[in-house]
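For reference, positions follow the sequence shown, starting with 1.
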Amino acid sequence: MSYLGYVIGAYAVFIVVLASDALAGMLAVRRALRQSRQQAARQQQPRPTRVAIDQELER
């Protein structure tokens, strides 16, 4: 009885799971970097000055 098919199948499943785990990790890092860049850009933008309610708007 040969277990060659079982061994090849087990290695194939291992490689697929290992690759998907590595890909998920890379995507998570990219997502975190993108979010931190966006947050830093939002913090760099000047905040609008508030206008008093009783001031008349000008064009």
Q | For Q38, all residues meeting side-chain contact (heavy atoms from CB on, under 4.5 Å), sequence neighbours excluded | A |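 Partners of Q38 under the side-chain contact (heavy atoms from CB on, under 4.5 Å) test: R34, R42.
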Q: Apply the side chain to side chain contact (heavy atoms under 4.5 Å, CB included) test between Q39 and each candidate in Q35, Q43, R37; give the one that qualifies.
A: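 It is Q43, the one option of Q35, Q43, R37 that forms the side chain to side chain contact (heavy atoms under 4.5 Å, CB included) with Q39.
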Indicate every side-chain donor-acceptor pair of residues 7-30 with a distance under 3.5 Å to a residue at least two apart or in another chain.
from: S20; atom 1: OG; to: V16; atom 2: O; distance (Å): 3.3
from: S20; atom 1: OG; to: V17; atom 2: O; distance (Å): 2.9

